[in-house]
Structures are given as C-alpha cells and as structure tokens.
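Sequence lines set the chain letters: A, B, ... in the order given, protein chains first and strands last, and positions in each chain run from 1. Computed from a predicted structure; not experimentally measured.
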Amino acid sequence: MNAPPYRFNEIEKRWQTRWEETNAFQADEDSDKQKFYLLEMFPYPSGDLHMGHVRNYIIGDALARYKTLQGYSVLHPMGWDAFGLPAENAAIERKIHPAEWTDGNISYWKTQLKQLGVSYDWSRELSTNRPDYYKWTQWLFLLLYERGLAYQQGGLVNWDPVEETVLANEQVIDGRGWKSGAPVEKRRLNQWYFRITDYAERLLNDLDRLDGWPDRVRTMQRNWIGRSEGAEIQFQIEETGEPLPVFTTRPDTLYGATFMALAPEHTLIEEMIEGSPHAARVMPEAQRMRNQTRQARSDADAEKEGVFTGFYAVNPVNGERIPIWIANYALMDYGSGALMAVPAHDERDFEFARKYDIPVRPVIQPPDSTWDGGEMNEAYVEDGVQINSGPFNGMPNRQAGKAIVARLQERGLGKQTVNYKLRDWLVSRQRYWGTPIPMIYEQDGTPTPVPVENLPVTHPRDVQITGKGGNPLAQNENFVNCISPRTGKPARRETDTMDTFIDSSWYYLRFCSPRFNGGFVDQDAARYWMAVDQYVGGIEHAVLHLLYSRFISKALFDAGLSPVDEPFENLFTQGMVTKDGAKMSKSIGNIVTPDEIVSKYGVDTARLFSLFAAPPEMDVEWNDSAVEGCYRFLNRVWRAFHRLLEDAAPTAEYEVEALDGDERAFRRLTHRTIQRVADDISDRFKFNTAIAACMEFVNALQNETAPFSSARAALLREALETLPRLLSPFAPHIAEEMWDALNTGKTLQEAGWPKYDESALAEETILVVVQVNGKVRAQLNMPVDSTEEAVAAAAKGEPNAARHLDGKTVRRVIYIPNRIINFVVS
RNA sequence: GCCGAGAUGGCGGAAUUGGUAGACGCGCUAGCCUCAGGAGCUAGUGGGCUUUUAGCCUGUGAGGGUUCGAAUCCCUCUCUCGGCACCA
C-alpha cells in the first residue's frame, strides 16, 4: 500500500546515467543478429528546439527500443546537418564565427536529446561542418566530376536576392526561395551542376520498388520528374535555314500547327532578331516578358501575351510557312524552349490564337462525328480521327501520330523521344558556410580538381562575414590564391560552396563507419548496415533531400562504392505538432520546449503524449490537459505496480491446467496485451493504440485486490514482469525503474520483448449479438464455436429477442459463428 | 483545373477489413475522501423519447444504391487538407 512516490526526476536521471555508462545503445556490426538500421532525418541545429522537432525523435526511439527488445542488432545514430545560411546570419548579428554559433547549437541539441532519453549510439555522432566529414563530401564531388556527373555550365539560373546565392529548381517553391520566401530572379551565370537528369528514368522506375514508401511521396517524386513521351520534330527557320527543334506529345496534330512559340529567354531571339528590321518592335516586348516574374507568368490564369517575330518556320511535313511568335507561356526550361502551337487541339494555344487572330485549323475529328472542322469555341483535346492531314486522313489519331513520326524519322526530321521536367541539380552556392568546392582555376579559366590527397579544402577562419559584398571566401586572398597542382603556376580557388543538400545526400552511409579514414565509408560496414531499414522524417523533403539521396546512392552504386542503389527501404513521414492551429515556430511564438514539460512532468510523460495523442503520421495539436492525462496514467501505473508487487508471487510459475476460469481470463488479458502492443507497433507504428492497450491492461490491474490465491499471485507476477517491457519503448525510464524493482537478475534489455502463449489467447466464451432484422435485441454469452442451433435456441430464450420474434415468421437466419445471429422476420 | 488523402461525440482519436459505432484519453456531471485541492477514488457521459434495475427511436459530411447487416463497398454532391499546375 505504501508505494514510493513517483519521482520522475531521479528515475530519469538514474537511467540516463546508467545507459551512458554501459554504452547501452552502441551498435555492433559483428553481431550475428539480424540488423535493423533506423534513422531519423538528422536536424539542422538551429537556435530553438521544440516539441515539434522532438516528436520525430521520439517516434524513432520508440521503434528503436522495440526492435532492440525484439532481438535485432539496431543501428540508431544521430548527427548534424550543420552547414547553412542561418549560421552566417547569426554570425553577422552576433559578430562571432558561424562555427562557434553552430557548435553551440549542436551541444544544446545534444543535451536536449540526451535528456529525452533517446537511444542513440552517440559514438557515431557526425557533423557535416567538420573537416573529417566534409573531406568526403569533397571527395564525392570529385568522384562525380571524374565520372562526368558534375559539370560547370553557363545559363539562366534562379537567384535568391535575400540569400544572395543561386538555388536549385527544387528549392524554388511557387517562384520563391524555399527558405527566404523572396521572389527569385533569373540570372545568367556560370555554375556547377550534378547530372541528375541522367538518372531520371531510374529514379522514376525504381519508385515502383519502394513499396515501403508512402504513395504520397512517390507521387510527388513522379510529378517532379515529370516524364512525358512524345516526339522531337525539326522545323526549319525559313529566312536562315537554321533548325528549330520542338518537343511535342501530340505529333498527330502536326498538320494543325498554325504558329510557333518561343520562350522569351530563347537564345534564338538574340541571334535571329537582333539587327533585323523587326528588332525595334520585337526586342522591347521580349524584354518586358522576360521581366515578368516566374510567379506572374506561371499563374494559371495569367494573361497570355506574345509578339510576332516577323520570321517564319517551315513545317517539315508539308512545307507550310508558319509564323514564329514569342509567347510568355512558353517555358525556356522545358523541352527545347520552343513549341509548335496547335490552337485547335490545345487550350493554351487556342486562347493565344484567339487573342492574336491566328488561324485555328482542326486536324482531329471526334469519333463517330460528321463535324467538318467548322467554327470552334474551345480546343478539342480528346482522341479522334485525322482530318486535314494529307495522307494520314481517316486514321485514328494515336496511330497517325506514330506514323507521322516514322515518316519524319526517315528524313532525319523527327524521332520518338522522352522529355522530363527534372533539370540538372545546380549545386554551387555563393556562401561561406558550406563545403568548399574542391576545384581550382588555371589562369585561362580551365578547372582543375584538387587532388584527393590535398583534401579537405578547409575554410579560412580569418574572414569578415558582413552579409555585404558577396561571398566572404572570394574576398579572402589567402584562400583564393593558390598554386595549380597540375601546372605549378599560380591559380585561383573556386570560392563557391556546395548546396547543403549534398552534405545530407550521403550521411546515412557515413553512419555505417563514421570514424573510417580509408574512404568515405568502410565497405564491410556498409554491406552489413545498408540499406536504412526505416527512415523517419517530415514530408517537406519529399522531393528535395529524398530525391537527391536516391540519386547519389545510385551514382555511388554505379561506381561500385555503395552496396545499394536505393538508400531507404522504408520511409515514414510523421505529422507536425501544432499549437493554436499553426505549426510550432519561434517566429509565431507558439512553441512548447521540452524543458517546460520535462521539468513539470518528466520525460516519460512528454514522450507518452507525443506518441499517444494521435497516430504518428497525423498532425497533432498540443494539448496541456492531455499531457497531464499522460502524467496521471504514469502515476497510476506506478502505484498499481508497487501495490501489487507486495502481493505478487516471487516468480511467475503456475500450472496452466490448474487455473480456474477467472484466472485463465486474467492470464488471457496479459498475453493478449502483449500481442496487441506488438501488432499495433508493427502495423504502421500505431503507438497510440498500443498505448491504449497498455492503459486497458493497467486499468485491469488496478481492479485487482488482495487476497490472492497462489495461482493468482503467480499470474500477477507475470503481469508485472510484462508491463514494464511493454511500456519501455514509450516510457523507458519508468519502465527500467519498475523492472529493476522486480529483481529478476536480468536487465530489461536482456529479458527482451515478452512472449505470448498462443494457447492463452483463446477465448472460452464469447459475446454473440442477437439481431432481429438487423437491429440488436440481445447479447448472449456463449461458449466459443457454438453451433447455430445452440445460439438460436439461446437467443429465443432472451426475453427481449423473443418479444421481437413473437408472432413473426422467421424467413431466414444468418449466423456468423462467434459474432452474430440475425433473424430476418416478417 | 489535375492528382492524392480525408470528413466519426464537446475535443484528440478507436473500430480485428462488411458483423454491438464511439476503444483509450481529454473535458464535463454527480458522489466519496479531504482543513483544502488544479491530488486520489467510484459512477455516469453521442442525441432524443418512454411507463427509466428496463426499453424504443435516431446517429459516422449530404443524398441515393448494393446487402440479412454499411463508418467500412458502389454512384452523385459538398467541404477540408496536401501536392502539382501555361510542362507543349
């Protein structure tokens, strides 16, 4: 009756110290156990840390602990995605070096995560800003360069005016920088790219293999890659004889092309029109369209605009002259930046043609129609039969499309092709706090890679970070000036750094052997641990980090340097934590920090709430009184456990055959709870219902009152040995403390996940519902597997059922054994 | 506009895949205990009705359908959230 008070502070501290002293979570690749590599997306260690961040790690930890108890050899590491712009901004504000700010945040985060009792193998901690890590990021860059997958090219790029750097396409959301939110500008710059488009087809096809990924994420990647099948068709510019290639998914409509549309950025505009009689009229218009922001131009109901160039193209299929326009809806970064416009069969082209009075010529007739291509009110985009198409008239349009391409191909003027939305990954950044790109430039500008033995190329510490005047690295003469290892002559270093998404595109491999010096990863360790069995993180990286990592894995796999070409076997995307309806964020001011909760209720309560409030994939609204409910539950657990511990038998030994019905029912509950908790965790991490099952179990234990028979006391002991282990993935500290009090001579980890006895689960009697015409009229407690006759007889004996059956004719009886009996009467 | 997910008590959410809707928790109500309680314990809690130890009706966004039986399957619609979006 005198349970010790639940002093969560002491308990949590004691066990965290114990875990640390015994290296309880150190992963072991020499184990003959089955491996399980569990990874949460490593964080950017920013200045704040709130329960929204924490949920991610608690979900992962609950799984890690469960898998450990199940007997897996678990790798559960943690590290820091530590390069990035906020560190530079903080450095400007506080006049300290970004490294100082970053290291301060890392130690803060580490303390917090340790305080939460997350079972990381801290001996594998890594940080992308440390030379022993980014040396290998640089090595990766050189590997890709060597394999032709990294290249430098001039062209139009996205420029973030706030971050003062270029961005990859994936980092531009609705025409704005993904972090800064500023509208991006187009600039023409020479930049470094990774040739991710070489992998477009594999990145797309292999999504089908990723059955352990949410469909949502796979769909988003498919959309992003944006594969479309079609044809490349060569038009010719009448005046110059130059080719004008276009991509189309509808070669069947070629005879209906009545104008060409060039993107305003198309290089042909300068080449062809500058200096021509049309220049004065056309060039200012083209310039004006270029200046429209991407946002304004891609808005769905943006006004279509264009200008006739004065030039004509020749249709390769019939020699027809077609006017070439510049149109704001033509996109430079899709296809060839030019398109053949068929107003009769494309809504956008139709709208444009109507506005500028360009002819609309139908070439597809709806099936079973006698419509002759008269006046049209909208584009006809469905399938049909060719008309106005010379020798192809009368053919079904899809078939005609193939025939037209085949005809063009014979003359070298067209071919079947596949086009992707995906662009190459622009990886250089004009920032200081990133991995330096290990390239130098000879005096003539030729790039030379830094030899591998000279890596890492480290940051100079003596820089002025002011946020003004561009990249501080470029202003540091000591850094910039160097001697070329190739020619021995003075040369200049590349001063751009890498996109931080490169750092994070391979860190999961480094975790296999984080201290390895002989290469970016020890291949033996990688073979043991890879792929990541379960990856846990936010949906916001669906096309960023998750696409880049897949690409890098494939590139490394092709180089024989990664054992897998898909890094993440299973992906789980957890929901956000909201408060007052908004995502927790320092700027909104609605954050709850783990400290507040931990000091008031303890870590186990904070963890329990995070897991219990909602299924982990759903968003969850922070709720103070629900947190308190979790705290009350742990107190109930604590009191019930200690009260019963006094009366329980010293061992859980009993004769199953000697148990009476009531005792068998109690035993059934214990074993059934083990089964339910395991099933719920295994089935999409339903921690919320797993915890609910534990609550029901505890509620039943609370109702147990002395005196107990000796069999009952042994069954209680079994229940008390079960409960801490079931709770330990969720509330590990209180679980360890209770387990310790049992004095079993084993640690909780050694004892492992409790086993349930299949035969203990079998129900003896079961509630059978009696329905009359589908409405519940009675409930029967029947022996399991009773016959229909027995149940029907018992049902008729129930007064309420009998009342509804009285005087009626039974038309039919539906009996589902152990569940329901339904009398259909009239 | 296209694609995807969803809509269940006052609230968060359950429901063994077609078989008692509302598990578990929060909140609320009443009682016990207490100097006190923002502690603990007990009972109740979808809505409505009646002759209230019990029974009846109704109820899972709206409407229709299939079925002995539908939160679950089918059709139509409404709304919410997420993604994509002038991609030729």
Indicate every side-chain donor-acceptor pair of residues 610-619 of chain A with a distance under 3.5 Å to a residue at least two apart or in another chain.
residue: A:Ser610; atom: OG; partner: A:Ala606; partner atom: O; Å: 3.0
residue: A:Glu617; atom: OE2; partner: A:Arg684; partner atom: NH1; Å: 3.4
residue: A:Asp619; atom: OD1; partner: A:Met576; partner atom: N; Å: 2.8

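- With hydrogens and angles left out, the side-chain atoms of A:Ser228 and A:Tyr334 include a donor and acceptor closer than 3.5 Å.
- Applying the 90° criterion around 0 to the glycosidic angle, B:G9 comes out syn.
- Counting only Watson-Crick and G-U wobble pairs whose two distances sit under 3.5 Å, RNA chain B takes part in these stems of three or more pairs: B:1-7 with B:78-84, B:10-12 with B:24-26, B:27-32 with B:40-45, B:46-50 with B:54-58, B:61-65 with B:73-77.
- Under the 4.0 Å criterion applied to side-chain N and carboxylate O atoms, A:Glu305 and A:Arg288 are assigned as salt-bridge partners.
- The gap from the P atom of B:U67 to that of B:G22 amounts to 27 Å, rounded to the nearest Å.
- Using P as the reference atom, B:U76 and B:G46 are 36 Å apart when rounded to the nearest Å.
- Side chain to side chain, A:Arg632 and A:Asn635 fail the donor-acceptor criterion of an N or O pair below 3.5 Å.
- In this structure, A:Tyr601 has its ring center no closer than 6.0 Å to that of A:Phe609.
- Here the side chain of A:Asp349 pairs a donor or acceptor atom with the backbone of A:Val342 at under 3.5 angstrom.
- Heavy atoms of A:Asp215 sit nowhere under 4.0 angstrom from any nucleic acid atom.
- In this structure, A:Glu351 reaches neither bases nor backbone, as no heavy-atom distance under 4.0 Å exists between it and the strands shown.
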When you compare the protein's N or O atoms with those of nucleotides 27-33 of chain B, which come within less than 3.5 Å of each other, and at what distance?
residue: B:G27; atom: OP2; partner: A:Arg632; partner atom: NH2; Å: 3.0

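- Remark: the A:Asp383 side chain and the A:Asn397 side chain contain an N/O donor-acceptor pair separated by less than 3.5 Å.
- Neither OP1 nor OP2 of B:U42 sits under 4.0 Å from any side-chain N or O of A:Gln702.
- With respect to A:Glu764 and A:Arg668, a salt bridge is recorded, a charged nitrogen being found less than 4.0 Å from a carboxylate O.
- Nearest heavy atoms, A:Leu204 versus A:Arg227: CD2-CD, 3.3 Å.
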Output one line per pair: protein atom, nucleotide atom from nucleotides 53-58 of chain B, and distance, for all N/O pairs under 3.5 Å.
residue: B:G55; atom: O3'; partner: A:Asn800; partner atom: OD1; Å: 3.4
residue: B:G55; atom: O3'; partner: A:Arg803; partner atom: NH2; Å: 3.1
residue: B:C56; atom: OP1; partner: A:Arg777; partner atom: NH1; Å: 2.9
residue: B:C56; atom: OP1; partner: A:Asn800; partner atom: ND2; Å: 3.3
residue: B:C56; atom: OP1; partner: A:His804; partner atom: NE2; Å: 3.3
residue: B:C57; atom: OP1; partner: A:Arg777; partner atom: NH2; Å: 3.2
residue: B:C57; atom: OP2; partner: A:Arg777; partner atom: NH1; Å: 3.0
residue: B:U58; atom: OP2; partner: A:Lys775; partner atom: NZ; Å: 3.4

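- OP1 and OP2 of B:C84 both lie 4.0 Å or more from every side-chain N or O belonging to A:Lys421.
- For the 3.5 Å distance criterion, the side chains of A:Gln236 and A:Gln234 fail to qualify, holding no donor opposite an acceptor.
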Exercise. What does nucleotides 10-18 of chain B look like as a protein-contact string, B for base, S for sugar-phosphate only, - for none, at under 4.0 angstrom between heavy atoms?
Worked result: --SSSSB--
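- Residues A:Pro245 and A:Ile233 form no side-chain contact, since every pair of their non-hydrogen atoms from C-beta on lies 4.5 Å or further apart.
- Annotation: B:A23 and B:U34 have their P atoms spaced 33 Å apart (nearest Å).
- Between A:Asp208 and A:Arg222 a salt bridge is recorded (basic side-chain N to carboxylate O distance below 4.0 Å).
- With RNA chain B read from its 5' end, the first of the two nearest nucleotides for A:Trp224 and A:Asn419 is the one closest to A:Trp224.
- With no hydrogens or angles considered, a side-chain donor-acceptor pair links A:Asn623 and A:Ser625 at under 3.5 Å.
- Close to B:G4, at under 4.0 Å from its OP1 or OP2, lies no side-chain N or O of A:Asn223.
- Classification of A:Arg218 and A:Asp211 as a salt-bridged pair holds, one side-chain N sitting under 4.0 Å from a carboxylate O.
- Looking only at side-chain heavy atoms (C-beta outward), A:Leu254 and A:Thr248 stay at 4.5 Å or farther from each other.
- Contacts of A:Ile691 with the nucleic acid, taken as non-hydrogen atoms under 4.0 Å apart, are absent.
- Residue-level contact check: A:Gly629 touches the backbone only, with heavy atoms under 4.0 Å from sugar-phosphate atoms and none from bases.
- Judged purely by distance below 3.5 Å, without hydrogens or angles, the side chains of A:Asn328 and A:Lys304 never pair a donor atom with an acceptor atom.
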Write down the protein N/O and nucleotide N/O pairs, taken from nucleotides 64-72 of chain B, whose separation is under 3.5 Å; answer none if there are no such pairs.
residue: B:C68; atom: OP1; partner: A:Arg812; partner atom: NH1; Å: 2.9
residue: B:C68; atom: O2'; partner: A:Asn822; partner atom: ND2; Å: 3.3
residue: B:C68; atom: O2; partner: A:Asn822; partner atom: ND2; Å: 2.6

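- A donor-acceptor contact under 3.5 angstrom links the side chains of A:Arg550 and A:Gln221, judged on distance only.
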